[in-house]
Amino acid sequence: MLMPKRTKWRKQMRGRIRGEATRGNEVAFGEFGLQALEPGWVPARVIEAGRIAISRNAPEAKSWIRIFPHKSVSKKPAETRQGTGKGDVEFWCAVVKPGTIIYEVDGVTEDVAKRAFNRVAHKFPVKVRLVRRRHG
Amino acid sequence: MKVVPMKAERRSALGRNQVAQLRKEGWLPAVVYGEGREPVSISISEWELEQHVKQHHKVFHLDIGGTVESAFLQEISWQATTDRPLHADFKRIDLTKAIEADLEVTAVGYPMGLSKGGVLSKDHMVIRISCLPTAIPESLEHDISGLDLDQTLTAGDLVLPEGVTLVTPAHTSICHVAPAKVVVEAPAATEDAAAPAADAKPAS
């Protein structure tokens, strides 16, 4: 699973996701992309599950992951009294804004890309859509 | 490339709210600049621009309140999630002088290297060319069916129409067929094996 090699601080504040993506919002490498339509957190295991779904449903495709789980999410254990500080890091996630391109694929037809991304879409915690590269 | 006429109006709406109102009415804010003259804020029909984009038109005779100027469609800003244009940039041009423009290369055919286990890697599918505005090709197709394993199509290999010169360095790789890397997926981890991974922390 993807996670940072090293970070300055282990635990982070939650933050707010405001506005739309102004960077990473265009299909840059492949012919088709999967674009987030809602803001949200995408855990590293979901990114990995999506990558596997693409490689199984479009094995001939060249694929790119355009997001990275930089954000650590902490959680207190179940049935724990309040206090004693912030919980341990539970998982890592990527913060996505509407418009962010999550995956890209190339070397496949639109039907194959659509089928692969449809499998991915069912795993994702945010609404997504298929977008084509903008030519010219 | 055909030079097409387009109606435009001088725009006094400049602020964010005024421009948003303009967009609601079906107009698109745009700007014309270049040739050493002052930039002019204009508004054009959003629908009309989309029709021209679909037909790959880039060179226009802009009719701004009676004065006609030749302009090259330099850039369009798009709204990421709705695919609506937000703003357009037009650069004034002289139709008798050569300009530089980007041209997308369309690869046609199935490279023979793919049937030998290769993967087509597209490196730079957009090249920079220099030519008269009226001579800009709408598209450039190149047959890559002869591309074998470890072979590269460079910008110098492309056959350009007459009057068009290449600005991109000739050795720039357009695409190449690389041998596929076989990634062997690890067997599915059991729950016990997956548990420590969830607790994994990077070295702080």
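Convention: sequence-line order gives letters A, B, ...; per-chain numbering from 1. None of these values were measured; they are calculated from a predicted model.
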Which of residues 12-29 of chain B have a heavy atom under 4.5 Å from any heavy atom of chain A?
-> none

Please flag which part of A:R45 lies under 4.5 Å from any non-hydrogen atom of chain B: side chain, backbone, both or neither.
-> neither

Does a donor on one side chain sit under 3.5 Å from an acceptor on the other, for B:H87 and B:D89?
-> yes

Please determine which of A:N118, A:L37, A:I102 meets the side chain to side chain contact (heavy atoms under 4.5 Å, CB included) test together with A:V128.
-> A:I102

Listed by residue number, which members of residues 128-155 of chain B have a heavy atom under 4.5 Å from any heavy atom of chain A?
-> none

Salt bridge (charged side-chain N to carboxylate O under 4.0 Å, His left out) contacts in which one or both residues fall within residues 98-118 of chain A, not counting sequence neighbours = A:R66-A:E104, A:D106-B:K122, A:E110-A:R132

Side chain to side chain contact (heavy atoms under 4.5 Å, CB included) between B:T81 and A:K97, intermediate numbers included | CA-CA 10 Å; B:T81 49; A:K97 290 182 171 190; over 6 Å; no

Measure the acute angle between the ring planes of B:H52 and B:H57, then classify it against the limits of 30° and 60° as parallel, tilted or perpendicular.
-> tilted

Take B:L158 and B:V105 through the side chain to side chain contact (heavy atoms under 4.5 Å, CB included) test and state the conclusion after the steps.
-> CA-CA 9 Å; B:L158 298 171; B:V105 181; 3.9 Å; yes

Quick one: what part of A:A44 sits under 4.5 Å from any heavy atom of chain B, side chain, backbone, both or neither?
-> neither

Please say which of A:V112, A:I54, A:L34 ends up in a side chain to side chain contact (heavy atoms under 4.5 Å, CB included) with A:V105.
-> A:I54

Are any non-hydrogen side-chain atoms of A:F124 and A:V96 less than 4.5 angstrom apart?
-> no

Charged tip of A:R134 within 45° of B:W78 ring normal and under 6.0 Å | yes

Listed pairs under 3.5 Å, donor-acceptor, residues 17-28 of chain A side chains, sequence neighbours left out:
from  : atom 1 : to    : atom 2 : distance (Å)
A:E20 : OE1    : B:Q79 : NE2    : 2.6
A:E20 : OE2    : B:Q79 : NE2    : 3.4
A:N25 : ND2    : A:A21 : O      : 2.9

